[in-house]
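Working notes, structure below.
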Amino acid sequence: MKHRIIFHIDVNSAYLSWEAAYRLQHGESTDLRNIPSIVGGDESKRHGIVLAKSIPAKKYGILTGESIYSAKQKCPNLTIIPPNYERYMKASSSMVDLLEEYSSYIQRYSIDEVFLDYSYGNEQNFLDIAYEIKERIKKELGFTVNIGIGPNKLLAKMASDFKKPDRVHTLFHYEIEDKMWPLPVDKLFMVGSKTKKKLNGRGVFTIGELAKLDREYIYSWLKKPGLLIWEYANGIENSPVRNIPLPVKSVGNSTTTSYDVDNRKESYMFLLALSEMVGMRIRDLEQSGRVISISLKSHQFHSYSHQKKLDIPTDSTNAIYKTAKKLFDKIWNEEPIRRFSVNISELYSNEFCQLSLLEDYDPREEILDKTIDKIRNRYGYNSVIRSCFLYSGIKPIIGGVVAEEDYPMMSSIF
DNA sequence: TCTGGGGTCCTAGGACCC
DNA sequence: TCTGGGGTCCTAGGACCC
């Protein structure tokens with residue numbers, strides 16, 4: 001195979017930029033990008049974390065993922081904007097539309113990151129093309145991006161993370177030593193805080209120091225993940241730019257409650273509200289799953305989980321909920337809960353599970369679920385709700401990811 | 001009113017089988 | 001009664017990503 005030229009296009013402070021661009025286009029005069037500002041969740045609902053920050057906010061030391069409470073301590077006159085995911089999805093899609101003019105080998109890696117394979121373009125002009133793309137996005141869509149260019153996805157992604165914003169960088173093999181090896185080891189994709197700590201503990205502080213370790217040594221120490229980061233540190237990575245997303249392996253929803261839940265009855269209601277969403281989504285995919293799991297986070301932030309493998313795969317809201325309830329009863333130790341999650345995995349396409357051949361199969365359940373899905377999709381999620389939620393103050397369906405065709409899934413694999 | 005929500009993959013340990 | 005050992009499946013927990 002001939003050598004490749006991969007672009008990684010990364011929107012600068014995506015949610016914040018999109019919010020800023022949207023507001024300017026709708027008549028606002030201040031550009032959020034020029035003041036200390038963040039996009040963040042609702043503190044009163046205990047969703048108060050920083051999702052994106054402006055560069056001025058960054059100068060106050062505000063970090064993505066930290067609590068808004070602490071961000072405000074760092075910068076008392078911080079402007080805080082609630083997130084609007086639909087808006088971001090649209091902005092992301094217009095960017096993808098523009099990129100598709102340049103290659104049909106495009107992978108939507110996350111809502112704000114795209115890989116583009118330029119190997120089949122004119123190899124001489126890839127830099128010009130990258131600058132053209134960057135400028136067009138700025139002019140036509142109103143936000144800036146970084147573009148990283150490399151011989152594979154890993155190096156392209158590392159390159160796009162160099163100096164920001166509004167830049168184009170390259171990182172080819174011959175540039176690794178100068179541009180990547182001096183960086184702190186946790187700048188490397190897949191080296192998080194835990195691994196950084198381990199590596200530092202054995203005197204490895206830069207990506208270059210990791211790269212020069214003995215291959216067998218790192219494997220015997222950190223196993224597969226160790227080998228992976230060692231290869232990354234050496235610029236070794238060869239996954240394709242995926243035109244078609246990998247099949248979904250699990251579907252789950254979770255919620256942090258606005259107060260600690262200390263009783264079984266309300267816990268069941270949250271599990272039901274989440275099961276409703278998981279059920280809708282799995283049916284939308286026309287799949288069924290065999291493994292149901294729940295996970296709880298206590299008021300003291302301790303997490304624990306439990307799972308159950310069913311005899312046959314299911315896509316029924318009631319079946320998911322019944323299993324979730326049983327699992328909850330097995331693990332709940334009466335301590336107050338702040339977060340519930342419900343998940344379904346080991347998925348099978350409905351084409352291949354002939355449930356109707358089973359003896360205890362009741363088609364009425366399936367028809368009811370499907371009918372309710374249709375009504376909810378047409379008239380809104382709250383057009384049909386279970387009566388137990390009436391006057392309860394608890395939302396009858398909880399969870400995000402509206403069943404859209406190819407919503408880009410973020411993940412730690414290329 | 002300090003700490004979200006959506007995912008994937010890997011490992012370790014135990015059960016169970018031959 | 002000193003105890004091998006390989007394979008598979010299952011489960012809980014943890015690491016990482018955006």
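All values below come from the heavy atoms of this structure, side chains included, with hydrogens, waters and symmetry mates left out. The structure displayed is predicted, hence computed values, not measured ones.
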Counting side-chain heavy atoms from CB outward, which of [options] is closest to [X]?
X         : options                  : answer
Pro225(A) : dT11(B), dG5(B), dC17(C) : dT11(B)
Ser305(A) : dG13(C), dC18(C), dG4(B) : dG13(C)
Glu113(A) : dC18(C), dT8(B), dC2(B)  : dC18(C)
Lys309(A) : dG5(B), dT3(B), dC10(C)  : dC10(C)
Val248(A) : dC10(B), dC2(B), dT8(B)  : dT8(B)
Lys249(A) : dC16(C), dT8(B), dT3(B)  : dT8(B)
Phe189(A) : dT8(B), dC18(C), dC16(C) : dC18(C)

Please check if the distance between the ring centroids of [X] and [Y] is under 6.0 Å.
X         : Y         : answer
His306(A) : Tyr304(A) : no
Tyr85(A)  : Tyr15(A)  : yes
Phe115(A) : Phe414(A) : yes

Is [X] close enough to [N] that one of its side-chain N or O atoms is under 4.0 Å from OP1 or OP2 there?
X         : N       : value
Ser341(A) : dG5(B)  : no
Arg338(A) : dG4(B)  : yes
Ser293(A) : dA12(C) : no
Ser254(A) : dG6(B)  : yes
Arg46(A)  : dT3(B)  : no
Lys194(A) : dC16(C) : no
Asn253(A) : dG6(B)  : yes

Practice item. Would you mind reading off the distance between Leu296(A) atom CG and dG13(C) atom P, rounded to a whole angstrom? Key: 11 Å
**Study point:** Rounded distance (Å) that lies between atom P of dG5(B) and atom CE of Met277(A)
**Key:**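 Those two atoms, CE and P, are 13 Å apart.
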So what does [X] touch, heavy atoms closer than 4.0 Å: a base, only the sugar-phosphate, or nothing?
X         : value
Thr255(A) : sugar-phosphate
Lys197(A) : nothing
Phe301(A) : base

Review point. In the structure shown, which nucleotide is the Watson-Crick or G-U wobble counterpart of dG5(C), with both distances under 3.5 Å?
Key: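 Pair assignment: dG5(C) / dC18(B).
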Ignoring hydrogens and geometry beyond distance, is a side-chain donor-acceptor pair present between [X] and [Y] at under 3.5 Å?
X         : Y         : answer
Asn12(A)  : Asn146(A) : yes
Ser288(A) : Asn350(A) : yes
Tyr259(A) : Glu266(A) : yes

Exercise for review: Determine the interatomic distance between C1' on dC2(C) and the same-named atom on dC16(B); round to the nearest Å.
Suggested key: 23 Å
Review point. Quick one: on DNA chain C, does Lys196(A) or Gln307(A) contact a more 5' nucleotide (nearest heavy atom)?
Key: Gln307(A)
